[in-house]
Structure formats: C-alpha cells, structure tokens
Asks: 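Have a look at the structure that comes next, please.
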Amino acid sequence: MQQPASGSLQRWARWTFWLLLLIVVALTLSPTTYLPSQAFTLWDKAQHALAFAALGALGALAYPRRLGLLAANLLLFGGAIELAQAATGWRSGDWADWLADAVGLVAGLVLVARLSRCAVARSPAGRSAP
C-alpha cells in the first residue's frame with residue numbers, strides 16, 4: 001500500500017475489522033438451525049470469498065504496514081474455522097471453503113492496493129511526481 005490510511009479511517013477500519021471477525025466466528029460456528037436458510041445455498045463459496053475480501057480490505061486499511069502478517073493470520077484463521085467446524089459435530093469443515101477464503105482475501109488486498117494507488121495518483125503530491 002502506498003499511503004497509510006488517515007487516523008480516523010484507520011480507527012474505523014480497526015473497529016470494523018474486529019467486529020466483522022467476531023461476526024464471522026459467530027456465523028461459522030453456529031449450528032445451522034440458528035441461521036437463515038438462505039445462508040446455505042449454491043452461493044456458499046461466494047459468501048466465504050466475500051467475507052474474507054471484506055476482512056482483507058478492512059485489515060489492509062486498519063494495518064497498512066503489516067499486510068504480510070495480516071494475510072498469513074487471516075489464512076490461518078480461515079483454516080482454524082474449518083477445523084473448528086469439523087470438531088463441532090453440527091457443522092462440517094471443508095477445505096474448498098478455505099480456498100474460497102484465500103481467494104477472497106487476495107481480492108480484498110488487491111482492491112485496497114489499487115484504490116490506494118489511484119488515490120495517490122490523484123493527490124496533489126502524486127500529480128507533481130515525475
């Protein structure tokens with residue numbers, strides 16, 4: 001990422017990142033009887049990818065100087081969710097879900113990196129650079 005997020009944006013991103021992380025844990029480890037029926041459709045992998053794209057994007061805004069550590073920890077988190085689901089007895093772990101998490105994570109990180117480059121290019125300092 002070229003330019004760190006402003007202080008207030010970074011604070012908002014950190015709070016939102018951790019809140020979303022807790023929501024992901026709650027939704028992925030809840031028995032399916034407590035979740036809306038539409039949560040488990042053909043869009044299951046897309047839901048995984050979207051959740052991790054959001055976590056990746058928010059994490060990149062919240063911790064712009066620790067992207068490698070962020071990505072590694074979110075990949076471990078996704079794997080841990082699948083192992084925990086397999087251990088619950090009411091959910092099942094699926095490595096294809098973990099792969100969807102990884103794809104979404106990369107998409108979220110790439111999105112923030114590209115938006116950051118666009119913002120730098122449009123800034124007065126970015127325009128005056130040769």
Side-chain angles (χ1 to χ4, degrees):
M1 187 184 287
Q2 300 291 329
Q3 172 182 351
S6 70
S8 61
L9 175 62
Q10 193 171 18
R11 261 188 311 281
W12 173 85
R14 283 184 180 175
W15 279 102
T16 308
F17 171 80
W18 288 104
L19 177 62
L20 180 58
L21 199 73
L22 290 173
I23 291 169
V24 167
V25 168
L27 290 175
T28 57
L29 296 181
S30 296
T32 56
T33 55
Y34 294 123
L35 298 174
S37 60
Q38 68 269 20
F40 296 96
T41 64
L42 296 175
W43 295 103
D44 179 54
K45 302 304 180 262
Q47 292 169 353
H48 279 265
L50 288 171
F52 274 77
L55 284 169
L58 286 167
L61 291 172
Y63 304 100
R65 299 182 198 280
R66 297 184 175 153
L67 294 181
L69 184 61
L70 171 77
N73 282 324
L74 284 174
L75 286 173
L76 288 172
F77 172 69
I81 286 172
E82 297 308 319
L83 292 172
Q85 283 181 332
T88 63
W90 58 80
R91 298 292 289 266
S92 60
D94 181 3
W95 291 107
D97 288 347
W98 180 79
L99 182 59
D101 297 344
V103 169
L105 172 61
V106 169
L109 293 173
V110 167
L111 175 68
V112 169
R114 287 196 177 180
L115 290 175
S116 177
R117 277 195 292 263
C118 288
V120 168
R122 291 181 184 206
S123 72
R127 283 184 285 210
S128 65

Asks: Where is the tightest heavy-atom contact between Ala62 and Gln10, given as atom of each residue plus distance?
Replies: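 Minimum heavy-atom separation between Ala62 and Gln10: O-NE2, 2.9 Å.
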Asks: To the nearest 0.5 Å, what is the distance between CG on Leu70 and CG on Leu105?
Replies: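 Reported to 0.5 Å precision, the distance equals 6.5 Å.
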Asks: Quick check: does any side chain N or O of Glu82 sit under 3.5 Å from a backbone N or O of Asp97, one acting as donor and the other as acceptor?
Replies: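 The answer is no, because no donor-acceptor pair under 3.5 Å joins these two groups.
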Asks: Kindly indicate whether the side chain of Val25, heavy atoms from C-beta on, has any atom under 4.5 Å from the side chain of Phe77.
Replies: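 Yes, at least one pair of side-chain atoms sits under 4.5 Å.
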Asks: Look at the aromatic rings of Tyr63 and Phe17 and report parallel, tilted or perpendicular, splitting at 30° and 60°.
Replies: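 Perpendicular, since the angle between the ring planes exceeds 60°.
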Asks: Is a side-chain N or O of Ser116 found less than 3.5 angstrom from the main chain of Val112, in a donor-acceptor match?
Replies: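 Answer holds: no.
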Asks: Say whether Leu83 and Val24 are linked into one hydrophobic cluster, either directly or through other cluster members, by side-chain heavy-atom distances under 4.5 angstrom.
Replies: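 Yes, because Leu83 and Val24 connect within a single hydrophobic cluster, where side-chain heavy atoms sit under 4.5 Å apart.
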Asks: Measure the spacing between CD1 of Ile23 and OG1 of Thr28 and express it to the nearest 0.5 Å.
Replies: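 It comes to 11.5 Å.
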Asks: I'd like to know whether Trp15 forms a side-chain contact (heavy atoms from CB on, under 4.5 Å) with Leu58, so could you lay out the CA-CA distance, the side-chain angles of the two residues, the decisive distance to 0.1 Å, and finally the verdict.
Replies: CA-CA 9 Å; Trp15 279 102; Leu58 286 167; over 6 Å; no
Asks: Measuring from atom CG of Leu61 to atom CG of Leu115, what distance do you get when rounded to the nearest 0.5 angstrom?
Replies: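 Between Leu61 CG and Leu115 CG, I get 8.5 Å after rounding to 0.5 Å.
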Asks: Atom CD1 of Ile81 and atom CG of Leu76: how far apart are they, to the nearest 0.5 Å?
Replies: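 If we round to the nearest 0.5 Å, Ile81:CD1 and Leu76:CG are 11.5 Å apart.
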Asks: Are Leu21 and Leu69 co-members of a hydrophobic cluster defined by side-chain heavy atoms under 4.5 Å apart?
Replies: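 No.
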Asks: For a quick test of reading the model, state the closest non-hydrogen atom pair linking Ala54 to Leu20 and the distance between them.
Replies: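 So the minimum-distance heavy-atom pair works out to CB-CD2, 3.6 Å.
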Asks: Please give me the minimum heavy-atom distance between Lys45 and Ala96, naming the atom from each residue.
Replies: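 Reported closest heavy-atom pair: CE-CB, 3.6 Å.
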Asks: To check you understand the geometry: which heavy-atom pair defines the closest contact between Ala102 and Leu75, and what is its length?
Replies: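 Scanning both residues, the minimum pair turns out to be CB-CD2, 3.6 Å.
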Asks: State the CG-CG distance between Leu109 and Leu74, to the nearest 0.5 angstrom.
Replies: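 The CG atom of Leu74 is 8.0 Å from CG of Leu109, to the nearest 0.5 Å.
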Asks: Could you tell me the separation between the NE2 atom of His48 and the CG atom of Asp94, rounded to the nearest 0.5 Å?
Replies: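 Result: 7.5 Å between the selected atoms.
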Asks: Grab the two heavy atoms, one from Leu29 and one from Ala84, that are nearest each other, plus how far apart they are.
Replies: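 In this case the closest contact between Leu29 and Ala84 is CD2-CB, 3.7 Å.
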Asks: With hydrophobic residues grouped by side-chain heavy-atom distances under 4.5 Å, do Val110 and Leu67 end up in a single group?
Replies: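 No; tracing contacts between hydrophobic side chains, which count when under 4.5 Å, never links both residues.
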